[in-house]
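Step one of this worksheet: look at the structure below.
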Amino acid sequence: MQRRQFLFALSGLVAVYATRSFAATESGKDTVTIMQVSDDGKALGRATLAKVRKDAEWRKRLSPLAYHVTREQGTERAFSVPGYDRHEPGLYRCVCCDNALFDAKTKYDSGTGWPSFWQPIAPENVRNIEDRMFGMTRTEVQCALCDAHLGHVFDDGPKPTGLRYCMNTVALRFVSLPRKS
Ligand SMILES: [Zn+2]
């Protein structure tokens, strides 16, 4: 593993644990600090922003499935939504609030029928929450800016992190990498 990748992975893990211990206080807060990222994948710096809460707009703008997944913790059926297996360069934003979530460079084919990534674009842009639904203990992944449910993270992913961010296609908006002119 390269040193930079290792450090990034390490910072992600630290953020996971930090986020967990602060989860109770974080969820009630009105602001959150995230990394802003341009459409061509450049980190623009951290910004502390008001949490996005636009339920009426989401009900109108999102498809019924995207609303159900993101706002009601639903799950799309595996292999059912076109785009789960996309591998073009670009980045993935939150379908609700446009927060940058994943770089296509960290996407891989997990064979599950859901888009899978081994690392978020910035650890602070997602939040991990223990999920005890259906009698299983899993780690839910939410958008840090608007609390959208995105999917779950598991520890059976590939190197360098060993993590599998198993996301819902409908929770993500793909932005293809602008062509250089
Ligand atoms: Zn969001």
Grab the two heavy atoms, one from N99 and one from N125, that are nearest each other, plus how far apart they are. ND2-O, 3.0 Å
How are the rings of Y84 and F79 set relative to one another: parallel (under 30°), tilted (30 to 60°) or perpendicular (over 60°)? perpendicular
If you count the non-hydrogen atoms of other residues, nucleotides and ligands that lie under 6.0 Å from CZ in R46, is the total more than 12? no
Would you call V153 and N128 a side-chain contact if the rule is heavy atoms closer than 4.5 Å? yes
Evaluate the side-chain proximity of C146 to W58: yes if any heavy-atom separation is below 4.5 Å, no if none is. yes
Using 0.5 Å steps for rounding, measure from the CZ atom of F117 to the OG atom of S110. 10.0 Å
Identify whether V37 and L44 are in the same connected component of the hydrophobic contact network (ILVMFWY, side-chain heavy atoms under 4.5 Å). no
From SG (C97) to CZ (R53), nearest 0.5 Å: 11.5 Å
hydrophobic_cluster_shared for L101 and V69, side chain cutoff 4.5 Å: no
Walk me through it: do L91 and K105 pass the test side-chain contact (heavy atoms from CB on, under 4.5 Å)? CA-CA 8 Å; L91 66 93; K105 282 182 214 150; over 6 Å; no
Any Lys/Arg nitrogen of E130 or R132 sitting under 4.0 Å from an Asp/Glu carboxylate oxygen of the other? yes
Any Lys/Arg nitrogen of R93 or D98 sitting under 4.0 Å from an Asp/Glu carboxylate oxygen of the other? no
In short, R71 meets D55 closest at the heavy-atom pair CG-OD1, 4.4 Å
Side chains of S116 and T112 in contact at under 4.5 Å (non-hydrogen atoms): yes
Is there a donor-acceptor pair closer than 3.5 Å between any side-chain N or O of T48 and the backbone N or O of V32? no
For the atom pair CD (E140) and CZ (R138), what is the distance rounded to the nearest 0.5 Å? 9.0 Å
D155/R164 salt bridge by N-O under 4.0 Å criterion: no
What are the two closest non-hydrogen atoms of E76 and W114, and how far apart are they? O-NE1, 3.0 Å
salt_bridge(D30, K51) N-O dist < 4.0 Å: no
Run T137 and D131 through side-chain contact (heavy atoms from CB on, under 4.5 Å) and show every step you take. CA-CA 6 Å; T137 301; D131 170 3; over 6 Å; no
Work out which heavy atom in C143 is nearest to a heavy atom in L150; give both atom names and the distance. N-CD1, 3.5 Å
Is the closest side-chain heavy-atom distance between M167 and Y92 below 4.5 Å? no
Would you check if the side chain of N168 reaches a backbone N or O of V170 as a donor-acceptor pair within less than 3.5 Å? no
Evaluate F154 against Y165 for ring-ring contact (aromatic ring centres under 6.0 Å, His included), listing each step before the verdict. CA-CA 7 Å; F154 302 93; Y165 284 82; 9.7 Å; no
What distance do H68 atom NE2 and Q73 atom CD have between them, rounded to the nearest 0.5 Å? 10.0 Å
Can you classify the ring geometry of H149 versus H152 as parallel (below 30°), tilted (30 to 60°) or perpendicular (above 60°)? perpendicular
Where is the tightest heavy-atom contact between A43 and M35, given as atom of each residue plus distance? CB-SD, 3.9 Å
Counting distance only, does the side-chain N/O of R173 pair as donor-acceptor with the main-chain N or O of V95 below 3.5 Å? no
Looking only at non-hydrogen atoms, find the nearest pair between G90 and D103 and report the distance. O-OD1, 3.5 Å
Is it true that R127 and D147 make a salt bridge, defined as a side-chain N closer than 4.0 Å to a carboxylate O? yes
Does the pair L49 and Q36 meet the rule for a side-chain contact (heavy atoms from CB on, under 4.5 Å), with working shown? CA-CA 10 Å; L49 303 174; Q36 294 189 301; 4.0 Å; yes
Would you compute the distance between atom CG of L145 and atom SG of C94 and round it to the nearest 0.5 angstrom? 7.5 Å
Is there a donor-acceptor contact under 3.5 Å from the side chain of K107 to the main chain of R86? yes
With a 6.0 Å cut-off (strictly less than), is the heavy-atom count around CG of D156, excluding the residue itself, greater than 12? yes
Any side-chain heavy-atom pair of T139 and I129 under 4.5 Å: no
Starting from the C-alpha separation in whole Å, work towards a yes-or-no answer on side-chain contact (heavy atoms from CB on, under 4.5 Å) for L62 and T70. CA-CA 10 Å; L62 301 178; T70 56; 3.8 Å; yes
